[in-house]
Amino acid sequence: MSGQFSRVAALLLEGQPGTSVSVSGWVRTRRDSKQGFSFIELNDGSCMANLQVVVDADVPGYADVIHDVTTGSSLSITGELKESPGAKQRVELQASSIELLGTADAESYPLQKKRHSFEFLREIAHLRPRTNTFGAIARVRNCVCYSIHNFFQTRGFLNVQTPIITTSDCEGAGEMFTVTTLLNELRVESGESRAGESSEALSSQLSTLNWTDDFFGKRASLTVSGQLEAEIYATSLGPVYTFGPTFRAENSNTARHLAEFWMVEPEMPFCDLDGDMQLAEDFIKTIIRDALDQCADDMEFFNQRIEKTVLETLNNILEHEFKRISYTEAVDIITATDRKWEYPVTWGDNLQAEHERYLTEEHFKQPMIVFDYPRSIKPFYMYCNDDGKTVRAMDVLVPRVGEIIGGSQREHRLDVLDTRLQECGLDSEEYWWYRDLRRYGTVPHAGFGLGLERMLLLLTGMQNIRDVIPFPRTPKHAEF
RNA sequence: UGCGGUGUAGCCCAAUGGUAAGGCGGCUCCCUGUUAAGGAGACGAUUGCAGGUUCGAAUCCUGCCACCGCAGCCA
């Protein structure tokens with residue numbers, strides 16, 4: 001086992017008949033002929049397609065192992081690549097030796113040669129990457145991550161690692177998970193006593209806890225955004241981006257939310273909201289173009305089996321400019337229709353999902369950017385417009401997924417920032433270092449956050465965000 | 001967290017108070033350069049859990065648990 005194995009993707013694409021190769025992978029299905037040979041569909045994850053392996057009965061060990069070559073079992077096979085008489089593949093492998101690495105009891109192996117519901121597959125997240133759909137998702141996700149780095153690197157952005165554990169509260173981004181070692185000290189363990197007793201004992205002990213005794217000497221949390229820290233580097237080194245996990249302790253139970261997800265956050269100095277919106281549009285289009293380019297087979301699969309309109313939607317996005325309208329115009333459009341809304345909108349309200357969906361799916365039928373939101377519904381750090389009512393915020397909305405990017409030009413004027421901190425009821429002392437960036441050499445700057453998993457929903461046509469991340473974390477779920 | 005829905009065989013599901021049905025998978029056999037292979041057969045279920053109503057409960061009632069959808073929070 002020296003790793004001298006060919007990948008199926010390469011063999012199918014450019015393998016030459018007559019060459020001797022070794023492959024290793026997992027069996028998708030086996031078809032036997034009693035005349036004395038078997039077809040094995042072998043998948044090694046390198047691509048959607050399987051390699052068809054033909055094993056004649058005179059291959060050493062054939063009779064011993066073939067019965068155990070079941071769906072899910074693992075094999076190494078050596079043989080000669082041949083032109084395939086069958087119509088469905090250019091080449092196939094004529095085996096000369098076969099080694100069964102691991103069996104998979106057909107009775108108990110959960111994956112069958114048939115369609116499974118995504119709900120069921122979520123319960124076996126350790127096996128679901130062996131399916132066509134989740135293999136394709138993993139490859140496209142990988143492609144997107146590469147594309148993201150490539151997009152920024154070729155534009156001179158610096159990749160900055162912002163902290164996952166933080167003591168700064170990026171206001172407005174939601175509930176945070178507390179990071180503490182204080183509980184390690186507690187003697188009560190839930191299994192030891194009955195629930196009522198333990199929680200009583202627990203709460204009496206909890207009441208004596210003090211954050212100053214904690215590991216960091218103050219309350220620490222998992223990050224909800226790397227933006228504030230990214231601003232530090234952006235206002236020192238030029239354009240930067242962060243790309244990492246983000247955590248929200250919201251008890252949200254939807255197909256679009258995760259407690260742990262991946263976010264990309266570019267931050268650009270000497271940049272206003274127009275530049276920010278332009279970057280967001282170029283960014284999304286580049287990711288789409290790369291995925292269509294580099295994962296053509298997987299994307300074709302999504303279009304055929306998951307969502308019939310995916311390719312059409314993506315191509316439509318590439319061909320059109322994103323529609324840009326102000327929040328005020330958006331409200332006008334929404335109130336001008338005679339449609340009945342569950343939540344009627346008046347200027348100053350948050351746009352509801354039904355409104356955003358109407359705008360992007362029905363009114364414009366393409367991605368769009370809504371900008372200049374009321375300052376009363378947006379966080380303290382966004383740049384205040386001269387009208388005194390709005391801030392330079394923008395949301396990118398796409399059909400079927402909704403908000404995929406949220407961003408803004410940042411408030412770089414210290415006096416205005418202080419006013420906003422006060423308006424939002426925040427203690428400016430807590431933001432001393434953030435204020436310093438405005439005290440010393442402040443510059444206009446802007447940035448946004450893209451939810452990686454939401455981008456994947458758009459690309460793949462998958463409907464539930466839990467199915468585009470390998471190990472989804474949602475309320476009551478962290479099994480794998 | 002709120003509202004709504006659903007829990008029946010490994011999977012997808014039918015059965016609205018009266019013998020728990022069908023399909024797929026797996027298993028056995030037959031056929032076959034096959035490829036979502038084809039044909040035949042046998043097997044497979046304490047109907048989510050705990051109570052209750054009833055001669056009788058998958059079905060009705062109560063509680064709990066789990067999952068799904070929609071909404072809010074946002075990416």
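Residue numbers start from 1 in every chain, and the chains themselves are labelled A, B, ... in the order their sequence lines are given, proteins ahead of strands.
Ionic pairing of Glu403(A) and Arg454(A) is not present here: no N-O contact between side-chain nitrogen and carboxylate oxygen is shorter than 4.0 angstrom. Between Arg339(A) and Glu354(A) there is no salt bridge, since no side-chain N of the basic residue sits under 4.0 Å from a carboxylate O of the acidic one.
Summarising the base pairing, A71(B) is matched to U1(B) through a Watson-Crick or G-U wobble pair whose two defining distances lie under 3.5 Å. Checking U62(B) for Watson-Crick or G-U wobble geometry (two distances, each under 3.5 Å) identifies A50(B) as its partner.
The base of U34(B) sits within donor-acceptor range of the side chain of Gln52(A), with an N or O pair under 3.5 Å.
With Ser147(A) contributing its side chain and Cys143(A) its backbone, the two residues share no donor-acceptor pair below 3.5 Å.
Taking the six-membered ring for Trp and the full ring otherwise, the centers of Tyr434(A) and Tyr381(A) sit at least 6.0 Å from each other.
If you check every strand for non-hydrogen atoms under 4.0 Å, Ser38(A) touches nothing.
Checking A71(B), A75(B), U1(B) against the side-chain heavy atoms of Thr254(A) singles out A71(B) as nearest.
Rounded to whole Å, the separation between the C1' atoms of A45(B) and U1(B) comes to 36 Å.
Contact between the side-chain N/O atoms of Gln352(A) and the OP1/OP2 oxygens of G72(B) is found at a separation under 4.0 Å.
Between Phe261(A) atom CZ and A75(B) atom P there is a gap of 7 Å when expressed in whole angstrom units.
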